[in-house]
Amino acid sequence: MKCIVIVEDEAFAREELADMLKKAGYRTEEIQTFEQVTEQILALSADLVLLDLNLPGKSGFQICRDLKQKSALPILVLTSRDQMRDELHALDLGADEYLTKPCRKERLLARITNVLKRYEGRSNLLEGPGFLLDRQTYTLYIHGSSTVLPPNQGKLLAVFLARGDGIVSKEELCLALWGTTEFIDENALQVNLTRLKKTMKEQNIHRRILPVRGVGYRLAPEEQEHETEF
């Protein structure tokens with residue numbers, strides 16, 4: 001059963017949407033507190049996000065951008081904002097569909113079905129800025145071409161992408177590479193990270209692997225300079 005996360009601050013509208021979706025055969029999760037919304041969504045096993053734009057705290061635009069930077073979750077914007085500039089802005093940030101309220105139930109359900117169909121078969125894909133990584137085959141899709149990464153590089157990149165811009169500990173990296181954290185080989189880890197860094201440059205991936213002193217590493221935008229590159 002597909003799960004849809006409803007991000008809507010008006011309780012009545014949220015309950016109506018949840019009821020309609022459940023009757024259509026979907027499982028729903030409802031965001032009801034609007035602090036750290038992105039983190040709440042990412043913690044759920046969701047297949048699609050139904051996102052309003054006018055929210056307390058962070059706007060739907062910011063949530064859309066944050067989600068698309070950290071995941072490949074499909075997003076359907078459902079909002080009362082009917083200006084073309086708002087729709088274009090949401091789509092530019094990565095939204096997959098944009099509908100204005102009030103909206104007929106049949107239209108909303110049809111758009112949800114279409115978006116989910118487009119994402120079928122993508123459950124193994126991790127999304128980065130301008131590229132995708134198949135976590136099973138370690139195939140990198142970028143700039144209209146594909147490249148199969150060496151297994152160790154694919155494992156490391158998959159861990160970083162799954163964490164978004166968060167910190168990945170040395171123990172997590174070693175677990176991904178060798179299936180254990182009992183013995184951390186710093187030299188071997190550094191060799192593998194250096195190889196991945198070289199591949200990222202060759203493939204024109206605009207991200208850098210930066211160390212976080214005493215903790216681990218994280219994936220950061222190319223222009224970020226406040227930490228020392230390994």
Side-chain angles (χ1 to χ4, degrees), residues 2-18 20-21 26 28-105 107-119 122 125-132 142 160-167 205-207 218-224 226:
K2 298 289 187 182
C3 175
I4 298 176
V5 177
I6 301 169
V7 187
E8 164 64 66
D9 63 320
E10 294 183 9
F12 181 72
R14 186 170 64 237
E15 290 167 7
E16 273 197 326
L17 285 168
M20 178 194 70
L21 293 169
Y26 296 106
T28 64
E29 297 283 354
E30 302 167 40
I31 301 298
Q32 301 185 41
T33 58
F34 293 87
E35 294 179 359
Q36 297 184 314
V37 175
T38 302
E39 289 75 10
Q40 290 185 63
I41 294 169
L42 292 174
L44 300 168
S45 298
D47 296 288
L48 182 142
V49 179
L50 198 58
L51 178 65
D52 190 14
L53 294 178
N54 297 321
L55 299 168
K58 278 188 177 180
S59 73
F61 291 120
Q62 183 64 54
I63 293 168
C64 180
R65 179 167 58 187
D66 290 348
L67 282 173
K68 286 298 183 177
Q69 287 178 342
K70 297 179 179 181
S71 76
L73 264 176
I75 298 173
L76 192 158
V77 171
L78 181 64
T79 179
S80 59
R81 298 173 70 146
D82 60 359
Q83 297 296 310
M84 178 64 73
R85 64 176 179 271
D86 291 325
E87 179 174 354
L88 294 177
H89 186 41
L91 295 173
D92 186 56
L93 291 173
D96 298 273
E97 284 282 1
Y98 190 101
L99 289 174
T100 55
K101 297 185 283 189
C103 175
R104 290 182 62 88
K105 175 182 73 173
R107 176 173 293 171
L108 175 58
L109 290 175
R111 295 294 178 87
I112 288 172
T113 299
N114 287 340
V115 172
L116 289 172
K117 281 182 179 178
R118 294 206 301 266
Y119 274 75
R122 294 185 61 176
L125 295 180
L126 293 167
E127 188 171 3
F131 69 92
L132 295 169
I142 187 168
F160 283 119
L161 291 176
R163 188 57 56 86
D165 58 359
I167 298 170
I205 293 176
H206 301 298
R207 282 294 185 270
R218 67 187 187 89
L219 212 55
E222 233 177 14
E223 63 273 12
Q224 195 162 332
H226 67 271

With sequence neighbours excluded, give me every salt bridge (Lys or Arg N to Asp or Glu O under 4.0 Å) pair touching residues 58-67.
K58-D66
For Q36, enumerate each residue passing the side chain to side chain contact (heavy atoms under 4.5 Å, CB included) test, keeping only those at least two apart in sequence or located in another chain.
E39
Identified side chain to side chain contact (heavy atoms under 4.5 Å, CB included) partner of Y119 from the options D96, L73, N114
D96
Salt bridge (charged side-chain N to carboxylate O under 4.0 Å, His left out) partners for R107, two or more places apart
none
Taking all non-hydrogen atoms of both residues, which atom of E30 and which atom of A18 are closest, and how far apart?
OE2-CB, 3.3 Å
Does a side-chain heavy-atom distance below 4.5 Å link C3 with L44?
no
Do you know the tightest heavy-atom contact between G94 and K68?
O-CE, 2.9 Å
Y26 vs L50 side-chain heavy atoms within contact, under 4.5 Å:
no
Which pair of non-hydrogen atoms, one from D47 and one from K2, has the smallest distance, and what is that distance?
OD2-CA, 3.3 Å
Could you measure the distance from the CZ atom of R111 to the CD atom of E97? Nearest 0.5 Å is fine.
5.0 Å
Within a strict 4.5 Å, meaning less than it, do heavy atoms of the L21 and I112 side chains meet?
yes
Non-neighbouring partners of P56 that pass side chain to side chain contact (heavy atoms under 4.5 Å, CB included), sequence neighbours left out
D9, F34
Could you check if a side-chain atom of T28 sits within less than 4.5 angstrom of a side-chain atom of L17, using non-hydrogen atoms only?
no
Non-neighbouring partners of F61 that pass ring-ring contact (aromatic ring centres under 6.0 Å, His included), sequence neighbours left out:
H89
Between CG on residue L48 and CG on residue L116, distance to nearest 0.5 Å
5.0 Å
Residues at least two apart in sequence or cross-chain that pass side chain to side chain contact (heavy atoms under 4.5 Å, CB included) with Q83, listed by chain then number, are R85, D86
Considering all heavy atoms of both residues, which atom of M20 and which atom of L108 are nearest to each other, and what is their separation?
CE-CD2, 3.4 Å
Salt bridge (charged side-chain N to carboxylate O under 4.0 Å, His left out) involving E15 - partner list, sequence neighbours excluded:
none
Quick one: side-chain hydrogen bond (donor to acceptor under 3.5 Å, both in side chains) partners of E87, sequence neighbours excluded?
none
Heavy-atom pair of closest approach, residues C64 and A95:
SG-N, 3.7 Å
Does the side chain of T33 reach to within under 4.5 Å of the side chain of Q40, using non-hydrogen atoms?
yes
Under the side chain to side chain contact (heavy atoms under 4.5 Å, CB included) test against I75, which residue among I41, V115, V49 passes?
V49
Measuring from atom CG of L78 to atom CG of D52, what distance do you get when rounded to the nearest 0.5 angstrom?
7.0 Å
Roughly how far, to the nearest 0.5 Å, is the CD1 atom of I6 from the CD atom of Q32?
10.0 Å
Drop me the distance from E10's CD to E16's CD, to the nearest 0.5 angstrom.
10.5 Å
Within a strict 4.5 Å, meaning less than it, do heavy atoms of the L55 and V37 side chains meet?
no
Which residues share a side-chain hydrogen bond (donor to acceptor under 3.5 Å, both in side chains) with K101, sequence neighbours left out
E8
Minimum heavy-atom separation for V77 to A90, with atom names?
CG2-CB, 4.3 Å
Sequence neighbours excluded, which residues qualify as side chain to side chain contact (heavy atoms under 4.5 Å, CB included) partners of A110?
none
A side-chain contact here means heavy atoms from C-beta on lying under 4.5 Å apart; do R81 and N54 qualify?
yes
Measure the spacing between CG of L93 and CG of L88 and express it to the nearest 0.5 Å.
11.0 Å
4.5 Å side-chain heavy-atom contact, L53 and Y98
yes
